Amino acid sequence: MSGGEHFGGEYDGDGFDDEFESFETAASLSLSARAMAARPTPYLDGLNPPQREAVETLDGPVLVLAGAGTGKTRALTARIAHILSLGRARPWEILAVTFTNKAAREMKHRVADILNQPTDGMPWLGTFHALCAKMLRRHAELVELKSNFTILDTDDQLRLIKQILQAEGIDEKRWPPRLMASLIDGWKNRGWRPEQLPAAEHAAFNRRGGEVYAIYQARLRTLNACDFGDLLMHMITIFQKHEDVLEGWRRRFRYILVDEYQDTNVSQYLWLRLLAGGAKNICCVGDDDQSIYGWRGAEVGNILRFEKDFPGAKVIRLEQNYRSTPHILAAASGVIHANESRLGKTLWTEANGGEKVRLIGHWDGDEEARWIGEEIEAFHTGTRGHDRLSLDDVAILVRAGFQMRAFEDRFLTIGMPYRVIGGPRFYERREIRDAMAYFRLAVSPDDGLAFERIVNVPKRGLGDKAQQQIQLAARDASVTLIEGAKLVLEAGTLAARARNALRELLDGIGRWHGQVLAGASHTELAEVMLDESGYTEMWKADPSPDSPGRLENLKELVKAVGEFENLQGFLEHVSLVMDNETEDGGEKVSIMTLHAAKGLEFPAVFLPGWEDGLFPSQRSMDESGLKGLEEERRLAYVGLTRAREHLTVSFAANRQMYGRWQNALPSRFIDELPEAHVEVLTPPGLYGHGGARAGAPTDIPGVMKGSQLEDRAARADAYNSPGWRRMQARTASRPMSQPRESANLVIDAEAIPAFELGTRVFHQKFGYGAVTEIEGDKLGIEFEKAGFKRVVAKFVAAADDVPF
DNA sequence: GAGACCTTGCAGTGT
DNA sequence: GCAAGGTCTC
């Protein structure tokens, strides 16, 4: 459908006169007008001109560069509504792709709301993976799969690779299965089938990486299984090899919409391009400044290259921010400006006022958690001089999962309700995976990986020896594991107890499978399986403190099964939708990673752990250098722009990692926060400032020569102090890739008092001790209580200086 | 074959 | 500090 040939209606002038002036063609004008006459178009109300353009430019490729908080989702959903209400396409003729299930759900709801129609109307709105799975089920035979293929989770994938490495005699110590898994993932992300693998990629695994990859793919085929990467890769293969299939899908989708385009990897890009077929009506929305999935194979290049890929593309910029206060916006801009490779957008807002971004340094991670807990209380009770905030309005965004613990511990102590988003996931828990393996066997008894998982869970006396026999029998006869198990049974080589146990298990699987075929109630069956297999019993008998929780989870699982038509539908759902949004009422503070926070917003946001090495992550910089650092910076930008009104950045001098205390400098990103938009706070209690917050950054002339405790205070609030400035100068001149150790050694001579061997010192955390070792700014100290530790000199005070 | 105990590596982000 | 894997013992 091109242009507006069958939209000849005339604009009948119902009060939209002025707004239509910017429209490009008479055709689009009249079609909009006609639609509005036919139906109200509330979705257009309140859109700003670029948003409106994004909604109404329906013909040809469109790239919407949407900065944070500029109403991207709104424009996208309005666009869908517009297409539908103009009758340009029917709901099943629109392909709308998101990255997360959450985003897909939300879009479904919003479109449904706008159109007042049920949500199931758009079958092709979903994540890349879910959509590909759906397509692949229809064409499975073209890649030698059956349409009921299983989708493997990372656990299964890893076990499979392990088996292959063992069979191939590759040393698991030197070449860890996880490495192989991530290599294969990477290859699939780039759309390389084993035979397409570039020569340079073969280097790993004693130059056998490609070989292992090929074996792995062959194994998946025999198992009738797919991993995540396969879903896309198989579809690309099918599109490339079967033009008729591709043609069919191209004809079907009149409009393609892609959310978060900056996060697409090569294979997703290929898939889209194949479907779009050149200059189709494809609309991609994204923000190069929010590209944070490079490690997962995302190519910012895709968005940067859009106009080349889709000639004649219209680029629309959404730059008006509706979310954050000017201070927050300025802080975020300040940080992201330090990045070099950007398309460049300038966010602006009509809002004014608001408080500055608050910055605070703490002694250690526990104190940081405690302070944030108190601040949240203050927000919650309204004692901070603002309107009271609901706990739902508050989020703590961390760089890495392990940071969450300090907050959870603290919040449990003070009884503050919280929710962890994207934490250890329901469907990844052991008991859930075990139970799922039983379900999988009932649906398809051929599922060897599932069989392996539960053959001795609960314990049936079928240990390594017995399992080896089964594997061997299966391999010799080239049959599935379960057939192999039957052969072993017939051979009678197992001990009586094991034999009986195995027979019982096999009978069970056969019986359950029969019930699935007979169409028995799947909720009941789920329960029966867990019962008859002894699985529930196993946890009931388990004395460990977490077994009641596991039993509870199993109940949840059975309940979840009930929400689907059959077991198979349930399994499909679980393998693609790993998140579980079970929400029990009551306000809660949200704790999540920065990655998980993308697309969300909160009135109050805390960003703890801004320390060099943690954020930006040392590993990211080591692995990807400047590119890695820039991605970390975009992550900082994502974090900062989640906040609507209140934003607090914090760092700690000491933090427990891997069970040991480590110290760090404030993040270099802190240096990039523009001073004029930041208020520096002094942590309460610690330094004899009586807990008062420094209203303005203070210049404390004598501080560097004073006691070390004061020096610490200065570090926390001397954002504008000479020490701070010196540190800024240092970080600016420090080469990106310089290892942290050397960065640490560059330190103000002035700030370190000369300790001598034997000096009695005091350390906030470890107490009193004597210096036994001096190496640059690091001291080895034999503490009276804590034993020997190496610490940075500036965190230690000569014992005489200690005022308490 | 199963459980206790010890060692090791780890935790950077997720469909 | 913790979980997974390896080793030792019953």
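We name chains A, B, ... by the order of the sequence lines, and we start the count at 1 in each one. Heavy atoms only: backbone and side chains are in, while hydrogens, waters and symmetry mates are out. A quick note: this is a predicted structure, and the numbers were derived from the prediction, not measured.
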Under 4.0 Å, counting only non-hydrogen atoms across every strand here, what does [X] touch: a base, just sugar-phosphate, or nothing?
X	result
A498(A)	nothing
K173(A)	nothing
E632(A)	base
R178(A)	sugar-phosphate
E623(A)	base

task = Extract, from 5' to 3' on DNA chain C, the first and final nucleotides lying under 4.0 angstrom from some heavy atom of chain A.
result = dG1(C) to dG5(C)
Nearest to the side chain of [X], heavy atoms from C-beta on, is which of [options]?
X	options	answer
F402(A)	dT15(B), dG1(B), dA11(B)	dA11(B)
A400(A)	dG12(B), dA2(B), dT15(B)	dG12(B)
T154(A)	dA11(B), dG1(B), dT15(B)	dT15(B)
T127(A)	dG14(B), dT15(B), dG12(B)	dT15(B)
A596(A)	dG3(B), dG14(B), dG12(B)	dG14(B)
W295(A)	dG1(B), dA11(B), dG14(B)	dG14(B)

Could you give the [atom1]-to-[atom2] distance, from [X] to [N], as a whole number of Å?
X	N	atom1	atom2	answer
Y637(A)	dT13(B)	OH	C1'	20 Å
R619(A)	dG12(B)	CZ	P	5 Å
M404(A)	dG12(B)	CE	C1'	12 Å
E611(A)	dG12(B)	CD	C1'	15 Å
D153(A)	dG14(B)	CG	P	16 Å
L179(A)	dG9(B)	CG	C1'	15 Å
Q468(A)	dG1(B)	CD	C1'	13 Å
N189(A)	dT15(B)	CG	P	13 Å

Can we say [X] and [Y] salt-bridge, meaning some charged N sits less than 4.0 Å from an Asp/Glu carboxylate O?
X	Y	result
D156(A)	R159(A)	yes
R460(A)	E504(A)	no
R342(A)	E630(A)	no
R550(A)	D542(A)	no
D259(A)	K72(A)	yes

task = Report yes if some heavy atom in the side chain of I303(A) is under 4.5 Å from a heavy atom in the side chain of C284(A); otherwise report no.
result =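 Heavy-atom side-chain distance check fails, nothing below 4.5 Å.
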inquiry  = I want to confirm an ordering. Mapping G229(A) and G461(A) to their closest nucleotides on DNA chain B, which one lands closer to the 5' end?
reply    = G461(A)
ask   = Which sits closer to the 5' end of DNA chain B, Q467(A) or Y293(A), going by the nucleotide each is nearest to?
value =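 The answer here is Q467(A).
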query = Taking for each residue the nucleotide of DNA chain C bearing the nearest heavy atom, is the 5' side occupied by R405(A) or by R430(A)?
reply = R405(A)
message = If you count heavy atoms of other groups shown closer than 6.0 angstrom to CZ of R497(A), is the number above 12?
response =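 No, not enclosed.
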ask   = Are any of N101(A)'s side-chain N or O atoms less than 4.0 Å away from OP1 or OP2 of dG14(B)?
value =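 False: N101(A) side-chain N/O out of range (4.0 Å or more) of dG14(B) OP1/OP2.
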key: Phosphate OP1/OP2 of dG14(B) contacted by T593(A) side-chain N/O (<4.0 Å)   = yes
query = If we ignore angles and hydrogens, is there a donor and acceptor under 3.5 Å between the side chains of E611(A) and N663(A)?
reply = no
message = Quiz question: going by heavy-atom distance under 3.5 Å, is there a donor-acceptor pair between the base of dG12(B) and the side chain of R399(A)?
response =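 Answer is yes: a donor-acceptor pair is held.
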key: Point-to-point distance, once rounded to the nearest 0.5 Å, from OG1 of T150(A) to CG of L571(A)   =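 Atom-to-atom, T150(A):OG1 and L571(A):CG are 9.0 Å apart.
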